[in-house]
Protein chains: 2
Amino acid sequence: MPNNQFRKGELYSFITGKASTAIARRLQKKFNAASLNLTIEQWSVLYQLWKQDGISQQELCNATFRDKPSITRLVDNLEKLKLVKRVSSKEDRRMNMIFLTNEARKMQEASMVLAEETLNEALESVPADQVEICKQVLQIVYDNLK
Amino acid sequence: MPNNQFRKGELYSFITGKASTAIARRLQKKFNAASLNLTIEQWSVLYQLWKQDGISQQELCNATFRDKPSITRLVDNLEKLKLVKRVSSKEDRRMNMIFLTNEARKMQEASMVLAEETLNEALESVPADQVEICKQVLQIVYDNLK
DNA sequence: TTTGGTTAGTTGTTTAACTAACTATATGCC
DNA sequence: GGCATATAGTTAGTTAAACAACTAACCAAA
């Protein structure tokens, strides 16, 4: 049974995800305005490290839904900014464990405030139960395509 | 009143839109498998032209939520692929009207079948009313941040 | 008619995504 | 021990996004 409730005209924006783009752009602007010298992509990597420091690049790939070359470059750029450090693992010398610097740790508080602020602005006037349903649908979509 | 029903751990994936990324990646794979030599971004431009041929680059910006440089480059690449043609307007010589070639017109049917197929796969087992709510929430999010 | 502001589009630069091809290390099997 | 295979990460090349600075054309008011 086809589950496609999209009229033709709506197909494009669901596929290309204009809402999440808009959220990312808004957050980026807040970062810039606060002189937080970070891209959203760099922030998404730091975000995982704030949750757990010292994980491997492969674990960052899984956590951020990126492939290995993307993480290599993001870690390159974060290292140039002196926000993370690669430390090769002693147990398995193929692996780099990625560690936050003190400077990166200091950015957590400010950036998380801006991220939550952005979500509040995005979800203004949306009832809580509808946000919950939306989250569930997006999760199922992700799982369906994984 | 804060509307933020996100536990911290979910914040990132809502902001960066892993679901829409997954949809785009799936559709791109279908294009490649079908030897449709198109990126999703190029397809999103053609999609607008299939709806209405001969619109300006500015109208493409609005329709695809992109800025002008992005559309300039996408049209550049589509022109290289001989899928569109720039025709400068006679009424206003600043404007380029973008027209599909015959080759591009031939791609509509096949690519739309793949796009709808992708959406059906993405939304499998999601009840219609929940899809409807999800669409509404994403639209509100977009409008809130516009 | 010219000056100032606006609109349409282009170019340059940086960051990132994706694919494919690659190196180096680890592991498991004979 | 030696070989095949898998895993971790890097490099190269193309496409695209975001931003700033730019050119060209249009338009309106002095």
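Since the structure is predicted, the reported quantities are computational estimates derived from the model, not experimental observations. Worth knowing before you read on, the calculation uses all heavy atoms, side chains too, and leaves out hydrogens, waters and symmetry mates. Letters A, B, ... are given to chains in the order of the sequence lines, protein chains preceding strands, and every chain is numbered from 1.
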- Message: Measuring to OP1 and OP2 of dG9(C), would you say a side-chain N or O of T72(B) lies under 4.0 angstrom away?
- Response: no
- Message: Using whole Å, what does the distance between atom C1' of nucleotide dC18(C) and atom CZ of R26(B) come to?
- Response: 17 Å
- Between the base of dT7(D) and the side chain of R94(A), is there any donor-acceptor pair under 3.5 Å? yes
- For N37(B) and dT19(C), what is the distance between atoms CG and P respectively, to the nearest whole Å? 14 Å
- Note on the structure: Between K68(B) and S70(A), whichever has its closest DNA chain C nucleotide further toward 5' is K68(B)
- OP1, OP2 of dA16(D) versus side-chain N and O of R66(B): anything below 4.0 Å? no
- Query: Would one find a side-chain N or O of Q28(A) under 4.0 angstrom from OP1 or OP2 of dA17(D)?
  - Reply: no
- Query: Any idea which of dG12(C), dA17(C), dA25(D) is nearest the D92(B) side chain?
  - Reply: dA25(D)
- Query: Between the side-chain atoms of R73(A) and the base atoms of dA12(D), is any donor-acceptor pair under 3.5 Å?
  - Reply: yes
- Query: How is D76(B) classified with respect to the nucleic acid when contacts are heavy atoms under 4.0 Å: base, sugar-phosphate, or nothing?
  - Reply: nothing
- To the nearest Å, how far apart are M97(B) CE and dA8(C) P? 11 Å
- Touch class at under 4.0 angstrom, heavy-atom based, for T39(B) against every strand present: sugar-phosphate
- Message: On the nucleotide dC18(C), are OP1 or OP2 found under 4.0 Å from the side-chain N or O atoms that R25(B) carries?
- Response: yes
- Donor-acceptor contact present, side-chain Y142(A) to main-chain K18(B), <3.5 Å: no
- Are I15(B) and W43(A) close enough that some pair of their side-chain heavy atoms sits under 4.5 Å apart? yes
- Message: Can you work out whether N32(A) or N77(B) has the more 5'-proximal nearest nucleotide on DNA chain D?
- Response: N77(B)
- Query: Looking across every strand, which nucleic acid part, if any, lies under 4.0 Å from Q42(B) by heavy atom: base, sugar-phosphate, or nothing?
  - Reply: sugar-phosphate
- Task: Assign I71(B) to base, sugar-phosphate, or nothing according to its heavy-atom contacts below 4.0 angstrom with the strands shown.
- Result: nothing
